[in-house]
Amino acid sequence: MEPTTGSYDTRRAVIAIIAAVFALSLGDALIKATGLSLPLWQMYILRSALTLPVLWWLALRNGPVTLYAPGWVMMRSALLVLMWLSYYASLTLMPLSLAAAAYYTGPLFIVAFASVLARRWPTRPALLAIAGGFAGVVLIVRPETSGFRIATLLPVCAAFLYACAMVLTSAKCRKESPFALALSLNVAFIIAGAVLGLFSGREASFILGVWQPVDLRLLGTVAALAALILIGSVGAAVAYQNGPPATIAAFDYSYLVFSLLWGSLFFAELPGIVALLGIGMILGSGLLALPRREN
């Protein structure tokens, strides 16, 4: 039986998704600020290797680690690993602003998929919220519209995969422990990193570069990234288990707000009037998406 709207804990879900995007956006800023030189496959392995023991300890504190739907959980993990791979690959081929704008079509996919599963058309507030949030994103990143390349499809592919994974979390993985979902995801990261490592050795390749020596400073950076991915992976699982996907998708846009904050703090990139207008549209869209009453 599919969960009803009344069984959702939307406040908890909203807090969880905001915490998740806070952590994930800070991780991206940390990578840029420290000039992390690890190839993607090595970062996958090291980051998740540091995350797994903590996740395992947290999971055991809530009882035996059990998967109620292991097939769906594995599919969710695979979708998220492919999502990050697609998005990171796009960053080597196109401007970050264009990649971010294309990637944030994800909430539009989420609303569409959730409506198909529920067999009903999205509510007018949900449609307005997602459309307004996307318009806010466009105002912030102001992507170039000329010179379309096939690489533009990579972040759109990432958005599609993310939407599939989050709707799957809501529809099929609500009984799973968030820590079990995060454990599965980080195991998948290590497996993906090991597979990519078999094809590594390409100089100056962001994804398949050669193994880099790890000193204490680099290990500290990876440890910080591990803590942030732990918060992000658990928070996203909690959010989409406990809230309507369309509502949580609207708050997913807060990633852009945090990105602007980190840009200001770390790189002195102060937003202009247009960007501030975009932030206001994102926040307004999130409020519009909230249910009128909680049961």
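Computed from a prediction, not measured in an experiment: that's the story for all the values here. When a residue number appears, it is its place in the shown sequence, counting from 1.
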Which atom of [X] lies closest to which atom of [Y], heavy atoms considered:
X: Ala23; Y: Gly232; answer: CB-N, 4.0 Å
X: Ile17; Y: Ala236; answer: CD1-CA, 4.4 Å
X: Gly197; Y: Ser200; answer: O-OG, 2.7 Å
X: Ile18; Y: Ser254; answer: CG1-OG, 4.3 Å

Using residues 73-81 as the side-chain source, report each donor-acceptor pair under 3.5 Å to any protein atom, sequence neighbours left out, with the distance given to one decimal.
residue: Arg76; atom: NE; partner: Thr169; partner atom: OG1; Å: 2.6
residue: Ser77; atom: OG; partner: Val73; partner atom: O; Å: 3.1
residue: Ser77; atom: OG; partner: Ser184; partner atom: OG; Å: 2.7
residue: Ser77; atom: OG; partner: Leu185; partner atom: N; Å: 3.4

Under 3.5 Å, side chain of [X] to main-chain N/O of [Y], donor-acceptor pair present?
X: Trp41; Y: Gly209; value: yes
X: Glu176; Y: Ala69; value: yes
X: Arg47; Y: Val222; value: no

Residues two or more places apart in sequence or in another chain: which of them pass side-chain contact (heavy atoms from CB on, under 4.5 Å) with [X]?
X: Val214; result: Gln42, Leu46, Leu218, Leu219
X: Leu85; result: Leu40, Tyr44, Leu196, Ile207
X: Ala227; result: none
X: Ala158; result: Met83, Ser86, Tyr87, Tyr103

Distance in Å, [X] [atom1] paired with [Y] [atom2], rounded so as to fall on 0.5 Å steps:
X: Leu183; Y: Thr51; atom1: CG; atom2: OG1; result: 10.0 Å
X: Leu161; Y: Cys157; atom1: CG; atom2: SG; result: 4.5 Å
X: Asp215; Y: Thr221; atom1: CG; atom2: OG1; result: 8.5 Å
X: Gln241; Y: Arg12; atom1: CD; atom2: CZ; result: 8.0 Å

Quick one, [X] and [Y] - any side-chain contact, counting heavy atoms below 4.5 Å?
X: Asn186; Y: Ile229; answer: yes
X: Leu55; Y: Val234; answer: yes
X: Ile248; Y: Met166; answer: no

Inset, instruction - Report, as yes or no, whether the 6.0 Å neighbourhood of atom CG on Leu198 holds more than 12 heavy atoms from other residues, nucleotides or ligands. - result: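 Enclosed.
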Common cluster, [X]/[Y], ILVMFWY with side-chain heavy-atom separation under 4.5 Å:
X: Val195; Y: Val210; answer: no
X: Leu181; Y: Leu58; answer: no
X: Trp211; Y: Phe189; answer: yes
X: Leu230; Y: Ile15; answer: no
X: Leu67; Y: Ile191; answer: no

Legend entry - side-chain hydrogen bond (donor to acceptor under 3.5 Å, both in side chains) contacts touching residues 226-235 (sequence neighbours left out):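 Qualifying pairs, neighbours excluded: none.
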Legend entry - Inter- and intrachain pairs under ring pair (Phe, Tyr, Trp, His ring centres under 6.0 Å), touching residues 160-187, at least two apart: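 Qualifying pairs: Phe109-Phe160, Phe113-Phe160.
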Inset, instruction - Could you name each residue pair satisfying ring pair (Phe, Tyr, Trp, His ring centres under 6.0 Å) that touches residues 47-77, not counting sequence neighbours? - result: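 Qualifying pairs, neighbours excluded: none.
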Legend entry - Residue list, ring-ring contact (aromatic ring centres under 6.0 Å, His included) with Phe22, at least two apart or on another chain: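 Applying ring-ring contact (aromatic ring centres under 6.0 Å, His included) to Phe22 gives Phe258, Trp262.
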Inset, instruction - Name all residues meeting the side-chain hydrogen bond (donor to acceptor under 3.5 Å, both in side chains) criterion together with Asn242; count only those two or more places apart in sequence or in a different chain, and write none if there are none. - result: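 By the side-chain hydrogen bond (donor to acceptor under 3.5 Å, both in side chains) rule, Asn242 matches no residue at all.
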